[in-house]
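Treat the numbers as computed from the prediction; the structure is a model and nothing was measured. In what follows, chains are A, B, ... by sequence order, proteins preceding strands, each numbered from 1.
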Amino acid sequence: MLQIQRIRQEPETIINGLKKRGVDASQTVHDLLEIDGQRRAIRHKMEEKQARSNALAKEIGTLFKSGKGAEANSLKNETGLLKQDIKDLSEELHTLEEKEHTLLLTLPNVPHPSVKAGKDETDNEEVSRSGDIPSLHEDAKPHWDLASDYNLIDFELGVKISGAGFPVYVNHGARLQRAMINFFLDENRGAGYTEYQPPHFVNAASGYGTGQLPDKEGQMYEMPLDGLYAIPTAEVPITNIFRDEIVNAADFPIKSTGYTPCFRREAGSYGKDVRGLNRLHQFDKVEIVSITDPSNSYALLDEMVAHIAGLLDKLELPYRVLRLCGGDAGFTSALTYDFEVYSAAQQRWLEVSSVSNFETFQSNRLKLRYRDENGKTQLCHTLNGSAMALPRVLAALLENHQTPHGIKIPKALAEYTGFDIIK
RNA sequence: GGAGAGAUGGCAGAGUGGUCGAAUGCACUGGUCUUGAAAACCAGCGUACCGAGAGGUACCGGGGGUUCGAAUCCCUCUCUCUCCGCCA
């Protein structure tokens, strides 16, 4: 959520920035400024009456104590009137506050200056590319065939137990999953991230904190009996560790990591990219979350990008890094880099990581602050990224490293799997 | 599932109608003392909004009510804890 103070200070910057997303915010900003002005005027008026009422109440108390009951009672006339006024004003104030809040929720984050205007993924900029795209032998297969040939993943079994999009990993497939989780967590820990094992269900307050609610309400699995939501990413519970906190600036950057399964309803995306591991209702992901002060957040974003690149290098996968254009970046993001690995048999790029700086967009909702050098509280910048989403990494590993003799496991990962080839 | 207790500042914990944004202790920050440290002593120490400032307003889990006046009384919701039962 954008800060109203910022909209007051630089409405034009915000309107122009949002144009890069293809969003025309001029009407909303205009309405917000008007409502905000009214709100503050009414608040001021109400506070004046409250001050008067407080003073009178004090006076009445003193008068009663000194036995001047008649005088005290005469003052009560005025307080009665004030009371009604205050009630009316406060109702008006609440209405305006609600309107303002509702409007604020509709505005996405303002893109960073480096973000290009654009409509969708076709307008994203490739900023780097690494690794060689393998030339596969003639009988090379897509990962869903490999998964079944080598008995690694049983999609039909998942359908029986739960439904489409809930694969069952078996034997070497299951072990590979477990190995990747440990590999990623160890690498992240080695880079200074504190490891967490957070809850997989969160309450509504947490959903609002990171912006899943109300923006993406229908994307989360919901347990209405208990008022809980299955997390769509570890970002939600891990970032909410810091909700309503004033963190110590000396601890910056605060770096956290955690593995969780992720649950997504993927409503409205049936039939699109659902083959194999490309899009699932439940998948495993290791997430990194960082918190720092505004002056260092973009350097930290670069550091996170470099860290993720290092992971893909160790997995010996070809990848490219994209800077998302305004229209393709998420609602809450100021700047997002996507990592895509090349899946050689499908002959397409698969998104395996998305790294974003949210600036104060999340922390404003989270009330996540630090104290600056003057002792004033300021909103932190929050960032996060996948390091790494497992299914598509697995898909690329299987496809790219297949040989006529079996599927080779990259050296870094083989230390975790205990085997270096799947036959 | 049954029974009970509770929700107050970073933490612990007082406060049952006015002078309470709130005692006290711990923690934290600054200072005195000390070769240094500890101890002791002194001072400071919640958040948000409005205001140039003085200052004002709100907040004692959320919402509503009683009252001139509510942390304190009433209603209601939520959450937490303890004991019993069941159970990984």
Side-chain angles (χ1 to χ4, degrees), chain A residues 1-9 32-101 103-104 197 199-209 213-214 222-229 237 240-252 254 261 291 360 362-380:
Chain A
M1 192 165 68
L2 294 174
Q3 295 171 84
I4 186 67
Q5 294 89 336
R6 182 172 170 202
I7 294 175
R8 227 181 277 150
Q9 279 160 15
L32 270 171
L33 289 175
E34 194 170 303
I35 290 169
D36 184 54
Q38 289 173 16
R39 196 204 83 212
R40 286 193 294 162
I42 286 187
R43 192 192 175 92
H44 188 72
K45 216 162 145 190
M46 184 181 85
E47 289 188 353
E48 272 179 348
K49 304 230 180 215
Q50 281 173 327
R52 175 71 184 146
S53 171
N54 286 344
L56 282 174
K58 224 170 235 181
E59 211 177 317
I60 290 169
T62 329
L63 286 172
F64 269 127
K65 264 189 191 151
S66 51
K68 296 174 186 164
E71 265 180 69
N73 281 319
S74 73
L75 288 178
K76 285 193 192 176
N77 292 330
E78 193 182 346
T79 58
L81 292 174
L82 283 170
K83 207 175 155 184
Q84 189 55 46
D85 285 352
I86 291 168
K87 200 176 172 186
D88 293 345
L89 287 168
S90 114
E91 268 166 32
E92 221 174 314
L93 184 65
H94 276 125
T95 312
L96 287 169
E97 280 173 347
E98 216 161 283
K99 261 194 201 166
E100 186 172 319
H101 187 70
L103 277 179
L104 275 175
Q197 210 175 84
H200 298 350
F201 298 163
V202 294
N203 56 30
S206 294
Y208 277 100
L213 296 174
E222 208 179 325
M223 282 142 282
L225 268 182
D226 300 290
L228 294 171
Y229 298 83
N240 272 283
I241 291 171
F242 303 97
R243 170 157 49 89
D244 290 324
E245 295 290 330
I246 299 177
V247 296
N248 192 345
D251 295 337
F252 286 151
I254 299 170
I291 299 165
T360 59
Q362 280 186 333
S363 60
N364 188 30
R365 278 201 213 179
L366 289 162
K367 300 260 179 299
L368 166 53
R369 294 150 297 166
Y370 70 100
R371 247 175 252 288
D372 65 17
E373 53 284 353
N374 301 317
K376 261 194 77 179
T377 57
Q378 304 284 355
L379 293 174
C380 301

Could you please name the option among U47(B), A48(B), C50(B) that lies closest to any side-chain atom of Thr377(A)? A48(B)
Runs of at least three consecutive Watson-Crick or G-U pairs, both distances under 3.5 Å, are what I'm after; which ones involve RNA chain B? B:1-7 with B:78-84, B:10-12 with B:24-26, B:28-32 with B:40-44, B:46-50 with B:55-59, B:61-65 with B:73-77
Regarding Glu91(A) and Lys87(A), does a basic nitrogen lie under 4.0 Å from an acidic carboxylate oxygen? no
Apply side-chain contact (heavy atoms from CB on, under 4.5 Å) to Asp226(A) and list each qualifying residue two or more places apart in sequence or on a separate chain. Leu228(A)
To the nearest angstrom, how far is His101(A) atom NE2 from A48(B) atom C1'? 16 Å
Nearest whole Å is fine: how far is A48(B) C1' from Lys376(A) NZ? 12 Å
List in chain and number order the residues that pass side-chain hydrogen bond (donor to acceptor under 3.5 Å, both in side chains) with Asp85(A), two or more places apart in sequence or in another chain; answer none if no residue qualifies. Lys49(A)
Taking atom P of A48(B) as reference, at what distance in whole Å does atom CG of Asp244(A) sit? 12 Å
Using the test ring-ring contact (aromatic ring centres under 6.0 Å, His included), find all partners of Tyr370(A) that sit at least two apart in sequence or belong to another chain. Phe252(A)
Tell me, please, which residues at least two apart from Gln50(A) pass side-chain hydrogen bond (donor to acceptor under 3.5 Å, both in side chains). none
Say you pick atom C1' in C28(B) and the same atom in C83(B); how far apart are they, in whole Å? 38 Å
When the P atoms of G10(B) and C60(B) are compared, how many Å lie between them, rounded to an integer? 14 Å
How many angstroms lie between atom OG1 of Thr360(A) and atom CG of Leu2(A), to the nearest 0.5 angstrom? 7.5 Å
Pairwise C1' distance for G46(B) and U8(B), with rounding to whole Å: 12 Å
I'd like the P distance from U19(B) over to A38(B), given in whole Å. 41 Å
May I have the distance from Asn364(A) (atom CG) to C49(B) (atom P), rounded to whole angstrom? 10 Å
For Arg39(A), all residues meeting salt bridge (Lys or Arg N to Asp or Glu O under 4.0 Å), sequence neighbours excluded: Asp36(A), Glu100(A)
Using atom names, set out every protein N or O paired with an N or O of nucleotides 56-64 of chain B below 3.5 Å, distance rounded to 0.1 Å.
| from | atom 1 | to | atom 2 | distance (Å) |
| --- | --- | --- | --- | --- |
| G56(B) | N2 | Glu47(A) | OE1 | 3.1 |
| U57(B) | OP1 | Asn54(A) | ND2 | 3.3 |
| U57(B) | O3' | Gln50(A) | OE1 | 3.4 |
| U57(B) | O2' | Gln50(A) | OE1 | 2.9 |

Sequence neighbours excluded, every pair satisfying salt bridge (charged side-chain N to carboxylate O under 4.0 Å, His left out) that has a member inside residues 52-63 of chain A: Arg52(A)-Glu78(A)
A71(B) and U16(B): how far apart are their P atoms, nearest whole angstrom? 13 Å
Write down the distance separating the C1' atoms in A12(B) and A23(B), rounded off to the nearest Å. 14 Å
Rounding to an integer number of Å, can you tell me how far Asp226(A) CG sits from C79(B) C1'? 14 Å
For nucleotides 65-70 of chain B, just jot down a letter per nucleotide in 5' to 3' order: B, S or -, based on protein non-hydrogen atoms under 4.0 Å. S-BBS-
Could you check whether Glu245(A) gets within reach of a base, just the sugar-phosphate, or nothing at all, counting any heavy atom under 4.0 Å? nothing
Measure CD/Glu97(A) against P/C50(B) and give the value in whole Å, please. 12 Å
Across all chains, not counting sequence neighbours, the side-chain hydrogen bond (donor to acceptor under 3.5 Å, both in side chains) partners of Gln38(A) are none
Asp244(A): what forms a side-chain hydrogen bond (donor to acceptor under 3.5 Å, both in side chains) with it, not counting sequence neighbours? none
Separation of atom CZ in Arg39(A) from atom P in A48(B), rounded to whole Å: 15 Å
Select base, sugar-phosphate, or nothing to describe what Arg371(A) touches, counting heavy atoms under 4.0 Å on all strands. sugar-phosphate
Can you list everything that forms a side-chain contact (heavy atoms from CB on, under 4.5 Å) with Ile241(A)? Sequence neighbours excluded, please. Tyr196(A), Ile238(A)
Roughly, in whole Å, what's the span from CD1 in Ile246(A) to C1' in G10(B)? 10 Å
Nearest-angstrom distance, P atom, G2(B) to U57(B): 47 Å
When you measure from the side chain of His94(A) to the backbone of Ser90(A), do you find a donor-acceptor pair of N or O atoms at a distance under 3.5 Å? yes
More than 12 foreign heavy atoms under 6.0 Å from CD of Gln197(A): is that the case here? no
Could you measure between the two P atoms, the one in C20(B) and the one in C75(B), and give it in whole Å? 28 Å
